[in-house]
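Just follow the structure's listing: the first ligand is 1, and inside any ligand the first atom is 1. Every heavy atom of this structure was used, including side-chain atoms; hydrogens, water molecules and symmetry mates were not. From a predicted model like this one, the values you see are computed outputs, not experimental measurements.
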Amino acid sequence: MSELSNEIRRQIGILVGRRGSIEFVIVGDQKGLTIPDLSRFRSGILRLRGLRLIHTHLQGEPLTGEDLTDLALLRLDMMVALHTNGTDGSGSIYSAHLLPDNPDKKVWEIDPPSSVSQFDMDFLKWIQSLEDEFQRGQRSIPLKGVKEKAILISVSKESRESLENSMEELKKLAESSGVFVVDSIIQRPRNISPTTLMGEGKLKELLVKCMQLGVDLIIFDQNLTPGQIATISDLTELRVLDRTQLILDIFAQRAHTLDGKIQVELAQLKYLLPRLAKKTLALSRLTGGIGGRGPGETKLEIDRRRVRDRIHLLEKELEKLCRRREQRRSRRAKTGIPILSIIGYTNAGKSTLFNLLTQSHFQVEDKLFSTLDTATRRLRFPAPHKVVITDTVGLIKDLPKELMRAFQPTFDELKESDLLIHLIDISHSHFPEQIEAVEKILLELNLESIPRLRVFNKEDQLDREEGKGICKKYDGVSISALYPESLEKLFQAIDRKLWEESHSMAGVDNVRLTNEDSFDISNQNWTMEVRENDRKPS
Ligand SMILES: Nc1nc2c(ncn2[C@@H]2O[C@H](COP(=O)(O)OP(=O)(O)OP(=O)(O)O)[C@@H](O)[C@H]2O)c(=O)[nH]1
Ligand SMILES: [Mg+2]
């Protein structure tokens, strides 16, 4: 090869299979060669390709940066460059290979050059032991009761602090959807690649890391365009998800009622449709697994025409749903009883508070988005008033617009509220950002004109004085939904908001009831309401 190469002044390369079969012969130019499409040699993302590239260098130069990039991106068994001297046949061989997980976090090993005449190696034996080592590394992170492992990635020019906060939340989202987070990488490049976000260098490092750790799923904190998902997935053969898909996946797992299922599936399909235009393996890699499952562990349809039909059908269902909800609303409006809705960032403790107030037993979990379906009940309110209280789906920053649209009927119901109780997790280190995110969404939903009460929850996690300071600063009250005795402040604040501040409130029935009365749910309207919501108490 080297002799020929010297003669034609071009690099020559061969791609060799494990047992020595020559699969490709490539003739390049003086500086390099172009490797053909190797997709038919796909051996699974977590394995080496089963091909080594042996090629000539004309000047006897060692492996180039490009050689090493190809080694990593293509997961070749080995990259070899050789050069011989035209006159006496002497020359040297340079080789490099990928490394299994190692303490120095090295991606590859470049072997010391050896002379062509002395080079001797039992390749098959060597590659088998290398693969064994890779597999040991991959198994070193066991799946602890979850189905998937993933590496999280954030690429943006925003401040490091805000990227770290967002990453923290992405991690919680991933865990809430049953993913074990192996590593998270934040990159703040000067230039963001429009096609792959991160540059080639980072991408290959990531790819090798995935192979070292046995991870074939990466989740971006940024939302990716259909083109970006396709490019990254095609280039790396990894399964690629973005923040929106992850949130949609959690919703799909949590949707139990018919309403919820329709809303979630519609949001998922609307997200998918523009992505199906790209002929790509990216989506087919997801079928059935995380990001590709619909409500109730069904597979998401990824055939364009069928997706369109299904969207059409679901939209009709959604319309019916809207009508049903409207009827329910007008029934409720007729009663003239004020409606309080608990809203707030996901995991703030909304359901915990709702359960305490109404003595219900709905699902409460230290997970994001444990509640999807609205629940409504009469409040066990100690004041001599009658109110209806509603628990709602949690909000989050950058709530996917597909979800906003699909959950419109749910949000529309909030419009009927007489008071929004904005519950805030005071113990969360970034609660001010969460307040901001919620208020931004309220604005988008045209709910900003409804009277609002800021209630800081989880005060038990904080120093008393600190809590007081925050309440003063944000004009709110603090409670702990775990301690009923702390609710006194909340009742007083609701009392003030509903009956003292807003005398002019239309439709608010001022019928005074005794405590016992307000526990009585024999009233037809209310028992019906609970049934209609058919959300199952845990
Ligand atoms: N320490 C403390 N933990 C609380 C308090 N209130 C709720 N929690 C916990 O916070 C977690 C979330 O509570 P949920 O009631 O499910 O929160 P949510 O706002 O309904 O959440 P989503 O439905 O997921 O949006 C659970 O682990 C609760 O036990 C509180 O006052 N103090
Ligand atoms: Mg909840």
### Query
In Å, rounded to the nearest 0.5 Å, how long is the span from CZ of Arg160 to CD1 of Ile186?
5.5 Å
### Task
Please round to the nearest 0.5 Å and tell me the distance separating atom OG of Ser177 and atom CD of Glu148.
8.0 Å
### Query
Quick check: does Thr346 put an N/O/S atom under 2.8 Å from the Mg ion (ligand 2)?
no
### Message
At less than 2.8 Å, would any N/O/S atom of Ser370, backbone or side chain, sit next to the Mg ion (ligand 2)?
### Response
no
Side chains of residues 206-215: which donor-acceptor pairs under 3.5 Å do they make with residues two or more places apart or in other chains?
residue	atom	partner	partner atom	Å
Lys209	NZ	Asp183	OD2	2.9
Gln212	NE2	Leu99	O	2.6
Gln212	NE2	Lys106	O	3.2

### Query
For atom CG of Asp475, is the number of surrounding heavy atoms from other residues, nucleotides or ligands below 6.0 Å larger than 12?
no
### Message
If you count heavy atoms of other groups shown closer than 6.0 angstrom to NZ of Lys473, is the number above 12?
### Response
no
### Task
Flag this pair as yes if the NZ/CZ of Arg275 is under 6.0 angstrom from the six-membered ring centre of Tyr271 and inside a 45 degree cone about the axis; otherwise no.
yes
### Query
Which parts of the protein, at residue level, reach under 4.0 Å of ligand 1 through a heavy atom?
Thr346, Asn347, Ala348, Gly349, Lys350, Ser351, Thr352, Val364, Glu365, Asp366, Lys367, Leu368, Phe369, Ser370, Thr371, Gly394, Asn457, Lys458, Asp460, Gln461, Ser480, Ala481, Leu482
### Query
Going by atom types alone, do Gln253 and Asp249 pair a side-chain donor with an acceptor below 3.5 Å?
yes
